[in-house]
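Read the structure below first, then the notes.
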Amino acid sequence: MLSLTDTPLSAIKFDDRIYHVNLAFDTVIKYLELAESDEPDQEKKAIGLFFGDQELPLDPDFFESSFKLINETITKAPYQSNSSMNFGMQVAPQQLYSYRQDADAIYASFLMQYHIDLLKERGKMHWCVFRALFDGLNEDTPIQRIIDLRQKNLSEIPDEQRGKVAQLQQYYALKVNKSKAEQDALSNNALSAAFNSLFKAAKKGGK
C-alpha cells in the first residue's frame, strides 16, 4: 500500500548493515509467476529476485523479519478491515485478472491513461506505485473493460446482446490453471506457506 508520507520499502537494516530490496513491480510479478510454476528451488530464486547477488547474513531472524516486511508491502491493501490486517493477503473472492495473461491490456491501459510505458519502468517503478496506479485505472481502459466483461451476469443481459457478450466472455476468459495458481499464490495460506519455506531454508544456513 502506498503512503504519501513514508518511502516505500527499498532497503532493510539488520545488524547495522543495509540490504537493498528490489520491489520493482516487474520483480514482484516475476515472484508471483514463480509461485505459480513448478520450478525447483523456488525459495532460492525468490531470495535472488528480491536481494540479487548481495551477501546475506545466514541468520534465520534476517529472513523472517525481511520477508514479513516484504510480504506486508506486497499484500497490504488500503481498504481492508482491521480484522484482516494479518500476515497474509486480503484477496477478492473472484479472480478477475492475471498479470501474465492480461499483460497487453495492462500495458495499454497505463499508456492510455497515464502515458506511462511500463516496459521503460521495469526495474524502476515500485510495486506500491504500480498498484496505486493500477487501482486508479478508469472504466474506459482496456483492462477495466475486460474486468467488467468478466463480471457480467449473462442472466441480466438483454436477449439480443447475450450471445455476443457470452462470446466475448469466452474469448477473454482467464485460463483456469494459471489464474487459479496466481490466486493461490496471492492467498493467505499460500503466501504464509511460501515464506515459511524460506524461513526453513534460512534455518538450514540460508543456502
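Each residue takes its place number in the sequence, starting with 1.
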key: Residue pairs passing the side-chain hydrogen bond (donor to acceptor under 3.5 Å, both in side chains) test where at least one lies in residues 13-22, sequence neighbours excluded   = N22-T27
inquiry  = So, taking the atom named CD1 in I12 and the one named CD1 in I18, what distance separates them when rounded to the nearest 0.5 Å?
reply    = 9.5 Å
ask   = Do L137 and Y99 belong to the same hydrophobic cluster, where Ile, Leu, Val, Met, Phe, Trp and Tyr are linked whenever their side-chain heavy atoms lie under 4.5 Å apart, directly or via other members?
value = yes
task = Could you state whether L119 and V28 fall into the same hydrophobic cluster, counting links through intermediate Ile, Leu, Val, Met, Phe, Trp or Tyr residues with side-chain heavy atoms under 4.5 angstrom apart?
result = yes
query = Judged by atom type as modelled, is there a donor-acceptor pair below 3.5 Å linking the side chain of E39 to the main-chain atoms of L34?
reply = no
ask   = Does some side-chain heavy atom of P8 sit less than 4.5 Å from a side-chain heavy atom of L2?
value = yes
task = Please round to the nearest 0.5 Å and tell me the distance separating atom CZ of R131 and atom CE of M1.
result = 13.0 Å
task = State, yes or no, whether a side-chain contact exists between D26 and F130 at a heavy-atom distance under 4.5 Å.
result = no
ask   = So do the side chains of L174 and S98 get within less than 4.5 Å of each other, counting heavy atoms only?
value = yes
task = Can you see which heavy atom on A11 is nearest to which on L9, and at what distance?
result = O-CD1, 3.4 Å
key: Minimum side-chain heavy-atom gap E33-R100 below 4.5 Å   = yes
note = Across all chains, not counting sequence neighbours, the side chain to side chain contact (heavy atoms under 4.5 Å, CB included) partners of K120 are D117
note = Apart from Y171 itself, members of its ILVMFWY cluster (side-chain separation under 4.5 Å) are I146, L149, L154, I157, V165, L168, Y172
Exercise: identify the closest heavy-atom pair between E121 and I116 = CG-CG2, 3.8 Å
query = Going by an N to O cut-off under 4.0 Å, is there a salt bridge joining K68 and E64?
reply = yes
query = Below 4.5 Å, heavy atoms only, C-beta onward: do M125 and L118 meet side chain to side chain?
reply = yes
note = Interatomic distance, CG@L56 vs CZ@F50, rounded to 0.5 Å, equals 13.0 Å
inquiry  = Using only atom types and a distance under 3.5 Å, with no angle test, would you say the side chain of Q113 pairs donor to acceptor with the backbone of F110?
reply    = no
ask   = Pairs in or reaching into residues 139-148: which pass side-chain hydrogen bond (donor to acceptor under 3.5 Å, both in side chains), with residues at least two apart or in two chains?
value = D148-K152
task = For N153, enumerate each residue passing the side-chain hydrogen bond (donor to acceptor under 3.5 Å, both in side chains) test, keeping only those at least two apart in sequence or located in another chain.
result = S155
request  = Find out whether Y114 and S109 are in side-chain contact, i.e. whether some heavy atom of one side chain is under 4.5 Å from a heavy atom of the other.
outcome  = no
query = Ignoring hydrogens and geometry, is there a side-chain-to-backbone donor-acceptor pair from Q42 to S37 under 3.5 Å?
reply = yes
key: Minimal non-hydrogen separation, F14 against P57, with atom names   = CD2-CG, 4.0 Å
ask   = Is L23 close to T73 at the side-chain level, that is, under 4.5 Å between some pair of heavy atoms?
value = yes
remark   = Which of Y107, Y97, F25 passes ring-ring contact (aromatic ring centres under 6.0 Å, His included) with F134? It is Y97
Cluster companions of L4 among Ile, Leu, Val, Met, Phe, Trp, Tyr (side-chain spacing under 4.5 Å) = none
request  = Starting at CZ of R122, measure out to CD1 of I29 and round the result to the nearest 0.5 Å.
outcome  = 10.5 Å
query = Is there a donor-acceptor pair under 3.5 Å between the side chain of W127 and the backbone N or O of A24?
reply = no
key: side chain to side chain contact (heavy atoms under 4.5 Å, CB included) assessment of F51 paired with I70   = CA-CA 11 Å; F51 292 102; I70 291 171; 4.1 Å; yes
request  = Determine whether M112 and P142 make a side-chain contact, defined as any pair of heavy atoms from C-beta on separated by less than 4.5 Å.
outcome  = yes
remark   = Here the pair of heavy atoms bringing Q101 nearest to K175 is OE1-N, 2.9 Å
query = Do I143 and L96 share a hydrophobic cluster (ILVMFWY, side-chain heavy atoms under 4.5 Å, transitive)?
reply = yes
